[in-house]
Amino acid sequence: MSDTCPQTIIAKAEHFVREYMSRYDCSHDWHHIDRVVRQALVLARAQSPEKSVDLLVVHLAALLHDVDDAKYKQSSDVAFSSKDFLTSIGLDQERAALVCRVVDAVSFRKELLFEEQKGQGTVDQDEVVWRNECLELACVQDADRLDAIGAFGVLRCAAFSGARNRPLHSAGDSFIENITYDQYVQSDNRTATAISHFHEKLLQLAARMKTEQGQQEARRRHTFMLQFLKQIDD
């Protein structure tokens with residue numbers, strides 16, 4: 001275990017992430033990170049006392065979950081290693097490895113790929129068990145997804161669409177049901193709109209929540225999105 005104080009590690013990570021996220025648009029800025037951190041810690045503390053949740057891992061994974069995001073990568077970007085960064089600020093190797101594993105598994109895109117590979121029988125059973133049982137992953141993933149739905153989800157979807165010059169809505173709007181990994185990663189290369197993103201991803205998230213508290217809050221935010229879409233349709 002590292003001798004570095006957890007508060008010092010968190011402060012250094014926050015300083016780095018604040019600066020790093022300033023290069024992204026407002027759909028994935030520091031304010032998004034801060035909301036996810038706070039929500040993830042609420043979910044982590046709400047787990048039953050018998051369940052052991054590492055709050056430092058949750059905090060750091062929530063901070064780093066959008067660093068080096070594939071959506072924003074440029075060919076000129078220098079490769080970033082979360083593990084090297086974490087150990088450089090004093091986190092022990094074991095915790096750093098867990099934070100990196102959580103960060104790597106958080107996204108909807110990565111989960112689509114995992115599910116397809118699982119269906120093909122090409123995923124190690126240990127990975128399946130870990131994804132089902134890791135509470136740190138469940139808390140960070142649920143927190144990130146809660147910020148993608150409801151009122152903030154509507155705002156962030158519009159903000160991202162604006163940043164990518166993607167139409168908000170069109171009369172001929174269409175969407176892909178049961179979108180695959182390949183279709184999802186190619187979504188920027190087709191005539192998708194902000195509203196099609198609701199159907200292809202955002203409306204799917206409530207059913208994917210892993211914590212009981214996340215499921216409860218997701219139902220409330222899901223209802224808000226349905227009401228929002230009804231006004232669009234009207």
Side-chain angles (χ1 to χ4, degrees), residues 27-28 32-33 36-37 39-40 43-44 47 51-54 57-73 79-83 86 94-149 153 156-157 160 175-190 192 196-215 217-219 221-222:
S27 69
H28 292 77
H32 162 64
I33 299 297
V36 172
V37 167
Q39 182 69 75
L43 294 174
Q47 302 310 301
K51 297 178 180 178
S52 177
V53 184
D54 191 324
V57 168
V58 169
H59 200 144
L60 291 170
L63 280 171
L64 292 170
H65 81 275
D66 272 339
V67 170
D68 205 32
D69 190 324
K71 293 190 294 297
Y72 294 94
K73 272 191 176 180
F80 175 77
S81 168
S82 294
K83 189 171 185 181
L86 290 166
E94 184 177 355
R95 269 176 158 166
L98 180 54
V99 171
C100 293
R101 193 174 184 184
V102 169
V103 168
D104 190 55
V106 163
S107 75
F108 179 74
R109 175 177 59 87
K110 289 286 187 70
E111 190 166 77
L112 284 178
L113 179 60
F114 167 74
E115 288 172 350
E116 290 181 14
Q117 292 174 336
K118 180 182 173 184
Q120 296 162 359
T122 59
V123 176
D124 188 86
Q125 186 59 31
D126 288 343
E127 179 70 12
V128 176
V129 172
W130 177 78
R131 283 178 178 253
N132 288 336
E133 296 182 356
C134 180
L135 291 173
E136 290 81 9
L137 171 60
C139 293
V140 176
Q141 195 172 55
D142 278 11
D144 186 38
R145 290 174 176 180
L146 285 172
D147 206 55
I149 62 178
R156 292 181 62 225
C157 183
F160 184 77
F175 60 90
I176 301 171
E177 291 191 43
N178 302 315
I179 194 167
T180 66
Y181 169 79
D182 286 338
Q183 289 169 331
Y184 185 75
V185 297
Q186 293 299 319
S187 60
D188 271 356
N189 300 325
R190 58 186 177 83
S196 65
H197 187 64
F198 276 82
H199 294 281
E200 292 172 351
K201 175 184 176 181
L202 306 187
L203 292 178
Q204 314 306 317
L205 297 182
R208 290 174 173 269
M209 295 292 167
K210 294 181 170 63
T211 66
E212 181 181 349
Q213 297 80 9
Q215 291 166 4
E217 178 60 20
R219 286 193 288 270
R221 299 189 188 199
H222 184 83

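Residue indices begin at 1 and follow the sequence shown. Basis for what follows: all heavy atoms, side chains included, without hydrogens, waters or symmetry-related copies. Predicted model, so just to flag it, every value in this text is computed and none were measured.
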Pairwise distance [atom1]([X]) to [atom2]([Y]) - rounded to 0.5 angstrom:
{"X": "C139", "Y": "Q39", "atom1": "SG", "atom2": "CD", "answer": "9.5 Å"}
{"X": "Q204", "Y": "F198", "atom1": "CD", "atom2": "CZ", "answer": "12.5 Å"}
{"X": "L43", "Y": "T211", "atom1": "CG", "atom2": "OG1", "answer": "4.5 Å"}
{"X": "R208", "Y": "F108", "atom1": "CZ", "atom2": "CZ", "answer": "5.0 Å"}
{"X": "H65", "Y": "D104", "atom1": "NE2", "atom2": "CG", "answer": "13.5 Å"}
{"X": "K118", "Y": "Q125", "atom1": "NZ", "atom2": "CD", "answer": "8.0 Å"}

For residues [X] and [Y], determine if any side-chain heavy atom of one lies less than 4.5 Å from a side-chain heavy atom of the other.
{"X": "K201", "Y": "I179", "result": "no"}
{"X": "L98", "Y": "W130", "result": "yes"}
{"X": "E115", "Y": "R131", "result": "no"}
{"X": "Q213", "Y": "E217", "result": "no"}
{"X": "K110", "Y": "F114", "result": "no"}
{"X": "R156", "Y": "H28", "result": "yes"}
{"X": "V103", "Y": "V99", "result": "yes"}
{"X": "D66", "Y": "Y72", "result": "no"}

Kindly say whether [Y] contributes a backbone atom to a donor-acceptor pair with the side chain of [X] at under 3.5 angstrom?
{"X": "R145", "Y": "M209", "value": "no"}
{"X": "Q141", "Y": "A105", "value": "yes"}
{"X": "E136", "Y": "V58", "value": "no"}
{"X": "T122", "Y": "Q117", "value": "yes"}

Within a radius of less than 6.0 Å around CG of N178, do more than 12 heavy atoms belonging to other residues, nucleotides or ligands occur?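 Incorrect, the count does not exceed 12.
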
Can L137 and V106 be said to form a side-chain contact (heavy atoms from CB on, under 4.5 Å), step by step? CA-CA 7 Å; L137 171 60; V106 163; 4.1 Å; yes

Using every non-hydrogen atom in the two residues, find where [X] and [Y] come nearest and quote the distance to one decimal.
{"X": "L205", "Y": "A148", "value": "CD1-CB, 3.8 Å"}
{"X": "Q183", "Y": "I176", "value": "OE1-CG2, 3.4 Å"}
{"X": "V36", "Y": "A143", "value": "O-CB, 3.5 Å"}
{"X": "L112", "Y": "T180", "value": "CD1-O, 4.1 Å"}
{"X": "C100", "Y": "L86", "value": "SG-CD1, 4.2 Å"}
{"X": "R95", "Y": "D54", "value": "NE-OD2, 2.8 Å"}

After noting the C-alpha distance and the side-chain angles of V67 and S82, does the key distance pass the side-chain contact (heavy atoms from CB on, under 4.5 Å) rule? CA-CA 9 Å; V67 170; S82 294; 5.6 Å; no

Parallel, tilted or perpendicular: which describes the rings of F175 and H199, with under 30° parallel and over 60° perpendicular?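 Answer is parallel, since the angle falls under 30°.
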
Tell me, with the steps shown, if K71 and F160 meet side-chain contact (heavy atoms from CB on, under 4.5 Å). CA-CA 11 Å; K71 293 190 294 297; F160 184 77; 3.9 Å; yes

Is a salt bridge present between R101 and E127, judged by a nitrogen-to-oxygen distance below 4.0 Å?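 Counted as a salt bridge, because a side-chain N and a carboxylate O are separated by less than 4.0 Å.
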
State plainly whether the residues E111 and K210 are in salt-bridge range, i.e. N to O under 4.0 Å.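 A salt bridge is present here (some side-chain N lies under 4.0 Å from a carboxylate O).
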
